[in-house]
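Right, one structure below, let's go through it.
Chain letters run A, B, ... following the sequence lines, proteins first, then strands; residues in each count from 1.
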2 protein chains.
Amino acid sequence: MEYTIKHVSERLRLPISTLRYYDREGLMPLLKRTETGTRKYSETDISWLELVCCLKNTGMPIEEIKEFMVLCLTGSTTSEQRKELLEQHKANILGQMEMLNRSLEMINYKLKNYNKIGIFHIDTY
Amino acid sequence: MEYTIKHVSERLRLPISTLRYYDREGLMPLLKRTETGTRKYSETDISWLELVCCLKNTGMPIEEIKEFMVLCLTGSTTSEQRKELLEQHKANILGQMEMLNRSLEMINYKLKNYNKIGIFHIDTY
DNA sequence: CCTTGACCTGAAGTTAAGTTTAGCCTTTAT
DNA sequence: ATAAAGGCTAAACTTAACTTCAGGTCAAGG
């Protein structure tokens with residue numbers, strides 16, 4: 001089954017302009033077209049886009065996602081590199097989680113003071 | 001005790017240009033200066049900057065951090081609003097954590113397949 | 001005295017990730 | 001047959017958060 005850009009846009013909640021942008025940037029090098037140039041997304045394309053979103057949402061730049069795609073295109077000789085890239089990104093995500101935890105702690109601390117008294121005026125920020 | 005911009009830059013690992021930028025954007029309305037215009041950071045200023053970093057690192061836009069500061073300046077009548085703002089942001093952070101967890105799950109799944117066989121070639125991305 | 005290093009400003013430049021615009025071509029429903 | 005809906009492109013525009021630049025002031029050391 002193949003899907004129009006509008007369908008994919010609704011299913012993944014990505015603006016059409018973003019889908020075209022990703023294609024333009026080389027993230028979808030295998031995307032098929034009709035004879036007249038209309039994009040035809042396959043289930044495989046959609047799965048890939050889901051991974052793209054996951055990587056993007058966790059802070060991987062488009063450029064790096066593209067590198068990953070290029071490695072995929074290059075074939076099975078690059079599988080070690082691709083795994084390494086994902087492991088790196090995983091470490092990155094774990095780092096982000098730590099950071100969020102530390103920040104949450106700080107905010108909870110501020111909120112605690114806030115609830116006690118009307119602290120948090122200008123002297124203490 | 002008061003500190004130079006260079007000192008604060010090193011202590012908080014923020015470029016000097018960023019510290020000046022935050023000041024320019026109205027994040028440091030109480031920052032003192034020497035007669036000749038050199039910035040003098042107090043411990044209180046540094047604590048505030050630490051909170052700024054925490055909010056910024058967790059995705060709060062500068063504009064909103066400024067709003068928070070303006071509420072602080074306005075006085076104790078705004079304490080409910082400030083608390084609300086922090087609660088909102090806390091919810092935001094919890095949302096980010098969930099997202100990171102979901103993403104991590106997906107990446108772990110991909111890595112698992114990766115370790116099994118040389119999957120993740122172009123058919124499945 | 002004068003040079004060096006740290007500070008200042010306003011303005012322009014940068015980067016990522018889209019979005020918008022303008023103009024043009026199909027396909028579909030009336 | 002014609003108008004609406006949806007697709008396309010290239011190119012310009014946008015936004016946030018900085019950074020860089022050009023040019024100027026000031027305090028301390030040799």
I need the [atom1]-[atom2] distance between [X] and [N], as an integer number of Å.
X	N	atom1	atom2	answer
B:R24	C:dG10	CZ	P	9 Å
B:D23	C:dC8	CG	C1'	11 Å
B:E25	C:dG10	CD	P	12 Å
A:R20	C:dT21	CZ	C1'	12 Å
A:L19	C:dT19	CG	P	10 Å
B:Y21	C:dG10	OH	P	15 Å
A:I16	C:dT20	CD1	P	12 Å

Quick one: are [X] and [Y] in side-chain contact, heavy atoms under 4.5 Å?
X	Y	result
A:M97	B:L104	yes
A:L85	A:E64	yes
A:F68	A:T78	no
B:L27	B:M69	no
A:T38	A:I5	no

*A:Y22 or A:T36: which one's nearest nucleotide on DNA chain C is closer to the 5' end?*
A:Y22
*For A:E105 and A:N101, does a side-chain donor sit closer than 3.5 Å to a side-chain acceptor?*
no
*asked:* Name the residue from A:H89, A:K90, A:Q96 that meets the side chain to side chain donor-acceptor pair (under 3.5 Å) definition with A:T58.
replied: A:H89
*For DNA chain D, what residues of residues 88-99 of chain B have any heavy atom nearer than 4.0 Å?*
none
*List in numerical order all residues of residues 3-12 of chain B for which some heavy atom is under 4.0 Å away from an atom belonging to DNA chain D.*
none
_Nearest-0.5 Å distance, CE of residue A:M106 to CG of residue B:L51_ = 4.5 Å
_Test of understanding: clusters of I, L, V, M, F, W, Y form through side-chain heavy atoms closer than 4.5 Å, transitively. Do A:I46 and A:L14 belong to the same one?_
yes
*Could you tell me whether B:S17 contacts a base, only the sugar-phosphate backbone, or nothing, with contacts defined as non-hydrogen atoms closer than 4.0 Å?*
base
*Across the strands shown, which category fits A:R39 at heavy-atom distances under 4.0 angstrom: base, sugar-phosphate, nothing?*
sugar-phosphate
*For A:K40, does the NZ atom sit with more than 12 other heavy atoms under 6.0 Å from it, leaving out its own atoms?*
yes
_Quick test of your reading of the model: are A:E50 and B:R102 salt-bridged, counting only N-O distances below 4.0 Å?_
no
*Tell me, please, the opening and closing nucleotides of DNA chain D, 5' to 3', among those with an atom under 4.0 angstrom from a non-hydrogen atom of chain A.*
D:dG6 to D:dT9
